[in-house]
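To start, the structure itself, in structure tokens.
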There are 2 protein chains.
Amino acid sequence: MTKGGSGRPRRGRRPGESKTRSAILVAARRLFADQGYDGASIRDIAAQAGVDPALVHHFYGNKEALFTAAMHLPNLPEQLGAALASDPAARAEGRLGELLVRTVVALWEDKALQRTAIGLLRSALTHERAAAMLRDFVRSAILARVADAVEAPDRDLRIALVASQVVGLLMTRYVLHVEPLASATGEEIAHAVGPTLQRYLSGQISM
Amino acid sequence: MTKGGSGRPRRGRRPGESKTRSAILVAARRLFADQGYDGASIRDIAAQAGVDPALVHHFYGNKEALFTAAMHLPNLPEQLGAALASDPAARAEGRLGELLVRTVVALWEDKALQRTAIGLLRSALTHERAAAMLRDFVRSAILARVADAVEAPDRDLRIALVASQVVGLLMTRYVLHVEPLASATGEEIAHAVGPTLQRYLSGQISM
DNA sequence: GTCTATATGATGATAGAC
DNA sequence: GTCTATCATCATATAGAC
């Protein structure tokens, strides 16, 4: 007689295994987004996920690893790339800047993405590892996707300028909640800051 | 015979009174700037100032009050206003945006100002009181000084857009150290982002 | 004004029972 | 997989001696 006894066969994933794991990740994303790396305690995260604090350590080892796992965005660069590639004419017609804002604002509607990005932003200012992750994210997501659209001489400066406006927009709109930017529609924002990004990408910026 | 004994008269401030007070403030500015509100401990601040931690409480009561005292910029709005008023022709000639960036970058050379602003930025993301102070600062410093230069309909949106680019610039250049923005000269930055601010102030931004 | 001593509580992490 | 119990460390804050 096999282990388990009565007639019910033991197929599929055993209960409670991956459910708590992902519950912890969701809670971690929310709390890292709300309070930043230092402010979010493992105890709070566990309580939010409805599990024991020791389980968090059991699954992820330590807080750093949990943060890395929670903030990891496996396919965001791909999503951004796909969105940008969806309108190939924009690049030639000088609408790349506007398309870029529109994409950023649209991707932001995804709650998981939003929490991850805010968590990174919030933590980057006080946690060096988070800052490194944010820099890498900006590099891979923005730089790699639009780099071939800008000319070589001041390419890095142009990308950095784009990043400065995008980061500032995310900060003021989604973190500091500066009005009326916070409650503006995506369309309004696209019209307002699109031309800025366009100029940074292909306009006159140096002296 | 008066208290104090020998010939030396007891005039002026007694030693050790305001010296440690201001030493604490300087240390607090530096540590709040480097580590944010939560990361900077009173112990660290006291150690940096070379005084006993209990003295910090004795002088300022609690951490909140110390933060408020350290981050208080009594005359920054005045400085900003004076710098903007120094070139009255700029407003009429459409160079207000460039003058604004130039002023921000120039004021930033003041180390005390720089530390205060970074401290506010770094703390604003995890500390609600710091966020409120930053919003007030942005309001009084930027809004009040250039509000009369922009037309009424979307005045608040225009100011918020200016704030978004300025905050993003400070974040990427001075906190995240994104290159080549971090090592660019003030002149380069003025040329690059000046037109952006000018357009936000007086250009076409809505649909 | 300055410091020692301490109250009080939260944190990340670990060992080990079930 | 789950939880209890606990360690070591850090924090803010206070009381009170000198």
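Chain letters run A, B, ... following the sequence lines, proteins first, then strands; residues in each count from 1. Reckoned from all heavy atoms, side chains included, excluding hydrogens, waters and symmetry mates.
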Between CZ on residue A:Arg43 and CG on residue A:Asp52, distance to nearest 0.5 Å: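 Here the rounded value is 10.0 Å.
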Rounded distance (nearest 0.5 Å) linking atom CH2 of A:Trp108 with atom CG of A:Leu169: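 It comes to 8.5 Å.
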A:Asp154, A:Leu161, A:Val162 screened by side chain to side chain contact (heavy atoms under 4.5 Å, CB included) with A:Arg158, the one that passes: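 With A:Arg158 as partner, side chain to side chain contact (heavy atoms under 4.5 Å, CB included) holds for just one option, A:Asp154.
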DNA chain C contacts made by residues 36-44 of chain A, counting heavy atoms under 4.0 Å: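 Contacts with DNA chain C under 4.0 Å: A:Ala40, A:Ser41, A:Ile42, A:Arg43.
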Distance below 4.0 Å between A:Thr20 side-chain N/O and D:dT2 OP1 or OP2: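 Yes, within the criterion.
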Any A:His58 side-chain nitrogen or oxygen under 4.0 Å from OP1 or OP2 of D:dG1: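 Negative; the distance criterion is not met.
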Rounded to whole angstroms, how far apart are [atom1] on [X] and [atom2] on [N]?
X       : N      : atom1 : atom2 : answer
A:Gln35 : C:dT11 : CD    : P     : 10 Å
A:Phe59 : C:dA13 : CZ    : P     : 17 Å
A:Asn62 : D:dA8  : CG    : P     : 20 Å
A:Phe67 : C:dT11 : CZ    : C1'   : 18 Å
A:Tyr60 : D:dG1  : OH    : P     : 11 Å
B:Asp52 : D:dC18 : CG    : C1'   : 14 Å
A:His57 : D:dT6  : NE2   : C1'   : 14 Å

Minimum-distance pair of heavy atoms, taken over all atoms of B:Gly186 and B:Val105: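 What the structure gives for the nearest pair is CA-CG1, 3.6 Å.
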Distance-only side-chain donor-acceptor flag, A:Gln165 / B:Ser164, under 3.5 Å: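 Yes, side-chain donor-acceptor contact under 3.5 Å.
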Short side-chain donor-acceptor distance under 3.5 Å, A:Ser202 and A:Gln198: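 The answer is yes; a qualifying pair exists.
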Side chain to side chain, A:Ile45 and A:Leu66, heavy atoms closer than 4.5 Å: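 The answer is yes, as the side chains (C-beta and beyond) meet within the 4.5 Å cut-off.
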Residue pair A:Val26 / A:Gln48, side-chain heavy-atom distance below 4.5 Å: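 Of all side-chain heavy-atom pairs linking A:Gln48 with A:Val26, none is under 4.5 Å.
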Per B:Leu55 side chain, nearest of listed nucleotides C:dA15, C:dA13, C:dC3: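 Closest nucleotide among those given: C:dC3.
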Whether B:Phe32 and B:Tyr37 hold their rings parallel, tilted or perpendicular, with breakpoints at 30° and 60°: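 Ring orientation, 0 to 90° scale: parallel.
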Earlier contact from the 5' end, DNA chain C, for B:Gly50 and A:Lys63: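 It is B:Gly50 whose nearest nucleotide is closer to the 5' end.
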Axial bend angle, the helix from C:dG1-D:dC18 to C:dC18-D:dG1: five-pair end segments, nearest 10°: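 Inter-axis angle at the termini of the helix from C:dG1-D:dC18 to C:dC18-D:dG1: 0°.
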